[in-house]
Amino acid sequence: MARSRQHYSSQDASLSPTAGRSREWEGPSRWTEYLGPDMTSPMPSRSSRNVSLDGQVQASGGSHKGLNMQWVVQLIEVADGLMAKMYRLNQILDYPDPVGHVFAEGFWKSGVFPNHPRICLLLSKKFPEHFSKLQLERVDKASLDALHDGAEVHLQSLEPWVQLLLDLMAFREQALRLILDLSSTVITLLMPRKMMLQTYNLLHAMSRNDRDFDYYHRLVQFIDSYDPPLKGLQEDLNFVSPRIGEVLEAVGPIIFLSTDTRKLRNEGFLSPYHPRYPDILTNSAHPMRAQDLANVTSYREWVLLGYLVCPDELLRVTSIDIALVVLKENLVLPLFRDEYILLHEDYQLYVLPRILESKKMAKSGRTKQKEADLEYSVAKQVEKMISEVHEQALLSCDVIHRERRILLKQEIGRMVLFFTDQPSLLAPNIQMVFSALALAQCEVIWYFQHVGVASSKSKAGRMVSVDVDPNDPTIGFLLDGMDRLCCLVRKYIAAIRGYALSYLSSCAGRIRFLLGTPGMVALDLDSTLKVLFQRIVQHLENIPKPQGENISAITCDLSDFRKDWLLILMIVTSARSSINIRHLEKATVSTGKEGLLSEGNAAYNWSRCVDELESQLSKHGSLKKLYFYHQHLTAVFRNTMFGPEGRPQHCCAWLGVASSFPECASPIVPEEVTKIGRDAVLYVESLIESIMGGLEGLINILDSEGGFGALEIQLLPEQAAFYLNNASRVSIPSTKSPKVAAGFPLPGHESYPENNNSIKMLEAAMQRLTNLCSILNDMEPICVLNHVFVLREYMRECILVNFKRRLLAVLKTDNDLQRPSILESMIRRHMSIVHLSEQHISMDLTQGIREILLSEAFTGPVSSLHLFDKPAEQLTGSATEVVCNWYIENIVKDISGAGILFTPVHKCFKSTRPVGGYFAESVTDLRELQAFVRLFGGYGVDRLDRLMKEHTAALLNCIDTSLRSNREVLEAVAGSMHSGDRLEREACLKQIVDLDTVIGFCIEAGQALAFDHLLAEAAGAVLEEGAPLIYSLLSGVIKHIPEEIPEKKEIRRLRGVSNSSGLVADHDSEWVRSILEEVGGANDDSWSLLPYLFATFMTSNIWNTTGFNVDTGGFNNNIHCLARCISSVIAGREYVRLEREHHRRRSFSNGHAGETFDPEIQSRVSAEASIKSAMQIFIKFSAGIVLDSWNEINRSHIVAKLIFLDQLCEISPFLPRSYLEPHVPYAILRSIYSQYYTNSPSIPLALLSPSPRHSPAVSLAHASPVSRHFRGDSTPQYSSNDSGFFKGSSSHSQEHPYDTDSGSLRNVDSRHRNVRRSGPLDYSSSRKVKFVEGSTSGSTGPSPLPRFAVSRSGPISYK
């Protein structure tokens, strides 16, 4: 990067300030590294720098002879490169303090300086003494030896930065002559220059035989002259101090105007229309000063820096007010990028002593000079001003700038609306637009420059931080206004160029006329000025006319015109010129029109709107400097964007700022390009994250219980009952009015006036959400280097991810699973908000929502969606997995021990205590399961069905294991049952192992069967509601599909779909059949003993604690689920067995055509016959075991067993009740049900005390509390056409071995005649009719929840 030392040694002679300018040291080739090859050509067109020349040339004061404008442009570029290098060096060295000799640990680890602090610090502190006089060996001998050993390595690391010192020294020589870029020399010497030079010279001497560095003494003199830097600057600029003072006085009026917000507002300096007459769309108040307001930021910096380096100029009478205005509203003086100096501290250190010295000299010379009194008085005022202005600035600077930001917010807002409505007026007012942009740019940058700045009070000496409000919303408004103004200018850039070309064409004639006026002729211009004025006119007359042409196609370079006009200005402002600027103005202003200078300056400005409009816009509207404050930028954005005054449309401006960040990178420091680009990308990503977080927040606010949830309040049934009971009690005068329970807001409560704030909050959130969605949808892509950010895509991803997160979050409450119906309502509510957003977005969010719901229900490969047979390792969505596993674990398996009971009457599961946050019936009734189906669709149903099948398959495997292990015992039991050997049977029954365990497995399988039946019914209801045509098609087809065994693959698939929708009559048998086919179960001969195994269940001890419950229609220990299991397993096993036999016969037949048979008829008939035969065997031997086990001592179990057998007949389609009649007469069952369905408080009949005098039915009847009030002559009378009632007299089968007293059944109290009784039994020779039993308030058994009383009727009907 740097040149070698030999290159500089060969040019040592040219370093003299008096050396000829043609030497290479001062020529363009000297700065090739900083300028590049394109900048070394003569007179390059650097539009971005020509802007600042207006003021710089006024301060040059040099003769026009030998003036080279190329140096002006190039040295500014060189200054930028030098400062970028020093900025990078300070970053590498961890921002050291060379004045206080404070160096952090990172300074020594950076690798620039040798890590020997004692020697390096001594060299720095003893500067400018030579190292040979410091006796370094006594300070740190070991470090000195190490320096000797590594001298070459350390030299190489220091050499580039020493070359930087040489470049600074050379730049200073040229900068002093051109008086350019004054701030550059301030920052140049804030690096650890003393340590750098001394250390480098020491290492150079070590490696070069004690010979000093060639430029050592020159650099010592250069560095020493700037110690401290401001002292050196004051001495360097002392000879041009008066000229600087004149320039600062000249810009004073513009500075005063820019600080007077009231005048700017009232006189309309930033208004495109007349301030007092808005209907007049022209404003003549501002044109002359518009260009000056655009440069007022530079003027303020000139004042701050000018009086700092030329303190004597403060003694001018008018300078005090100028300095006071600027010092009062600033605390820091920016130098380069984010580096600054504390303004007031430096004024007190370097300006105040000079003022006190002038005051002392004026006082001592009071008797000698007449002006001494005035000088003394001014010095005293300046002293007072510098002493007091710091305190004023601490208190008022933020207030002043906040007021100015509010003014600009209002004016720019009106300006955007005006030019959007009247774009034709944008071109004539473009200078005013530039002024507004420049002022807004200044205020935004000032705001971030002062965030976190701490300044020490002059009197107290303590640090005080500036009170800058991080929640100031005006920053967002200014950024948005600037962005929209820049967009308008770019949109109408062709119109602006056309207007500028027209103006310049007309200006040529006016300037030619002014040059021919008598006043100009009398001036007798010299040849140089005459030639320049003629060239100016020629440039303007040669401008192409835009008539009828495409403006954008016109190419016009007016840089030569601007160069000639600047040369004219520099000549007439020079003290050596015979014609000065006042002569020109007086010679042409008498014409009554604009003077020559005014016309020329206007032409200069409008010429830049032709070929430099983009650079002008970039200069005034660019906020690239905010990169150095991007962390503060992010913090302010987060504090204000979604605050009370935040606006969604400001997002564009906050994000668009990052596009200009890479422009801050200097080509001199290559690593800056990568770092700044990376930081810009991270800034955009951080803001997008905040925006999307705000978007999520708005959606979640609307989706909360205080949002749309408050508008959807519906009372639960128990809450409604509470309010009804409360209202009834309040209506009784004697009853005190009870307090309303908290937590139950009544529907419509949002309509009350006291709740208006919540409704307003909802309206505001809805408006902000829709505005944000609309803005993000219409926002142009944000481009940062090679990264493109499309906010629409981020928004879509945010909404969908938030929906998925919300779905997973509401699945469970604090206690356990959320009720599916509540979950469905929450999801629908969230989807309504998404649909609200979708109306303002040009993309389909509904499709994305569907994809998420699908992914949560099915996440296997897409190809699996087209297959009916799902792969074994298919994955499912996390939401479906959570819900399905919860149902399996807590309802089917009941791992929490909540006492889960299936209630056939209510078609749901109940629990004795809550499962998580709800009772079981709250999550298992048909409405809840339908909500589950609507949420997760068919894939959710398939997953839950699959889990239950896997669980049931494991239970069936346990039955298979029991059959295999007890095969010999069961064969002996079967033989004894058929032979009627009771003793042998009882002996064999006692040998069966783990009988109670197998019964538990079968009950659990029955629970799974019941739950899957409910799920299929719910799926069918949802299918009928959502797709009625498909539902009717399935229900019609299932009635006509062939009933054959084995079934074809298509038939089996169709039957499976119909069964999962509840359209198959015998759901349980088909379900078990499918399980056995999938796992290959029931393939052992021991399964032929299945009815005998089930019959042995009647000997279990589980019956001793079993009681029937009228409310639920089942038993207290779910033994009724055993009936489901027995019926479905026997039927399913027979189907599978016959199918295997069919396959076996086909394999034996080898395809011979001679063996013809009707597979459909034979298979179906044989299957039903086999099932009925097996069921008859079970009923016969079960009834025999039940009745044989009865004795006078123990018969507490008989009632439960008899009801169980009756329920089995009710459940199984293959077991009519006529099969049970020969074994258990109807009279016994009728007697049992009669007592269960009475109005008297009931007792669990299975647990009654035995009576030794009567048969079971008679004893049970007499033990009932109702039987004690019976009248013997009473007979219940019922309507003859009501098949649900039983008749008073009938006979029973003679095959029954027991004699039952039927008279006891007729002793019913007459007060029960009007009570309708119903029961689950219907004896008919043709068909079976199912009844839905009512429930009683005084139910038997362990019913978990009391129910309201409903109508009752008798249990048995005869046809």
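A pairwise comparison of heavy atoms in Ser660 and Lys624 identifies O-CB, 3.3 Å as the closest pair. In this structure, Ser435 and Ala294 approach most closely via the heavy-atom pair OG-N, 3.5 Å. Nearest heavy-atom pair, Phe434 versus Gln616, reported as atom, atom and distance to 0.1 Å: CZ-CB, 3.8 Å. The shortest heavy-atom contact between Ser622 and Glu663 is OG-OE1, 4.2 Å. Taking all atoms of both residues into account, the shortest heavy-atom contact from Leu426 to Leu488 is CD2-O, 3.7 Å. Contact detail for Phe419 and Met432: the closest heavy-atom pair is CZ-CE, 3.9 Å.
Arg497 places a side-chain N or O within donor-acceptor distance of the main-chain N or O of Val610, the cut-off being under 3.5 Å. At distances below 3.5 Å, not a single donor-acceptor pair connects side-chain atoms of Glu301 with backbone N or O atoms of Val296. Within the 3.5 Å criterion, the main-chain N or O of Lys619 finds a donor-acceptor partner in the side chain of Gln441. With hydrogens and angles ignored, the 3.5 Å screen pairs no side-chain donor or acceptor of Ser241 with any backbone N or O of Leu237. Between the Ser319 side chain and the Leu315 main chain, no donor and acceptor come within less than 3.5 Å of each other. Proximity of a side-chain donor or acceptor of Asn330 to a complementary backbone N or O of Val326 within less than 3.5 Å is detected. Judged purely by atom type and a 3.5 angstrom limit, Ser666 has no side-chain atom pairing as donor or acceptor with the backbone of Gly81. Distance alone, capped at 3.5 Å, places no donor-acceptor pair between the Ser618 side chain and the Glu614 backbone. Counting only distance, with no hydrogens or angles, the side chain of Asn542 and the backbone of Gln538 share a donor-acceptor pair below 3.5 Å. Checked by atom type and distance alone, the side chain of Asp483 never pairs as donor or acceptor with a backbone atom of Leu479 at under 3.5 Å.
Contact annotation: the side chain of Trp565 never approaches that of Leu532 to less than 4.5 Å [non-hydrogen atoms, C-beta and beyond]. Looking at heavy atoms from C-beta onward, Arg404 lies out of side-chain contact with Ser258 at the 4.5 angstrom threshold. For the pair Tyr299/Leu248, no side-chain contact is recorded, criterion being any heavy-atom separation below 4.5 Å from C-beta on. Leu597 has its side chain within reach of Leu569: a pair of non-hydrogen atoms, C-beta onward, lies under 4.5 Å apart. With a 4.5 Å cut-off on side-chain heavy atoms, Tyr604 and Leu566 count as touching. In this structure the side chain of Ile244 reaches within 4.5 angstrom of the side chain of Cys310, judged on heavy atoms. Contact annotation: the side chain of Cys507 approaches that of Ile511 to within less than 4.5 Å [non-hydrogen atoms, C-beta and beyond]. Under the 4.5 Å side-chain criterion, counting only non-hydrogen atoms from C-beta, Glu329 is in contact with Arg300.
Arg337 has no carboxylate O lying under 4.0 Å from a charged side-chain N of Asp80, or vice versa, which leaves the two without a salt bridge.
Atom CD in Glu411 sits 5.5 Å away from atom CG in Leu270 (nearest 0.5 Å). In this structure, Arg265 CZ and Gln410 CD are separated by 5.0 Å, a value rounded to the nearest 0.5 Å. In this structure, CG in Leu540 is found 10.5 Å from OH in Tyr503, a value given to the nearest 0.5 Å. Between the CE atom of Met482 and the CG atom of Leu617 there is a distance of 9.0 Å, given to the nearest 0.5 Å. Between atom CG of residue Asp260 and atom CZ of residue Phe256 there is a gap of 11.0 Å, rounded to the nearest 0.5 Å. The distance from the CG atom of Leu408 to the OG1 atom of Thr261 is 9.5 Å, given to the nearest 0.5 Å.
In the model, Thr528 has no side-chain atom that pairs as donor or acceptor with a side-chain atom of Asp526 under 3.5 Å. Checked by atom type, the side-chain pair Thr318/Glu249 shows a donor-acceptor distance below 3.5 Å.
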Go through it in stages, so that I can follow the logic: the residues are Asp560 and His539, the test is side chain to side chain donor-acceptor pair (under 3.5 Å), and I'd like the CA-CA distance, side-chain angles, deciding distance and then a yes or no. CA-CA 8 Å; Asp560 290 337; His539 288 314; 5.6 Å; no

Decide side chain to side chain contact (heavy atoms under 4.5 Å, CB included) for Gln431 and Cys609; before the verdict, give the C-alpha distance in whole Å, the side-chain angles of both, and the deciding distance to 0.1 Å. CA-CA 9 Å; Gln431 299 296 337; Cys609 293; 3.8 Å; yes

Applying side chain to side chain contact (heavy atoms under 4.5 Å, CB included) to Leu613 and Arg608, what does each step give before you reach the verdict? CA-CA 6 Å; Leu613 188 57; Arg608 305 188 67 186; over 6 Å; no

Which is it for Val309 and Leu305 under the side chain to side chain contact (heavy atoms under 4.5 Å, CB included) test, yes or no, and what are the steps along the way? CA-CA 6 Å; Val309 297; Leu305 186 61; 4.2 Å; yes

Val303 vs Leu327, side chain to side chain contact (heavy atoms under 4.5 Å, CB included): CA-CA, chis, key distance, verdict: CA-CA 9 Å; Val303 169; Leu327 286 172; over 6 Å; no

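Relative orientation of the Trp606 and Tyr499 rings is tilted, given thresholds of 30° and 60° on the angle between their planes.
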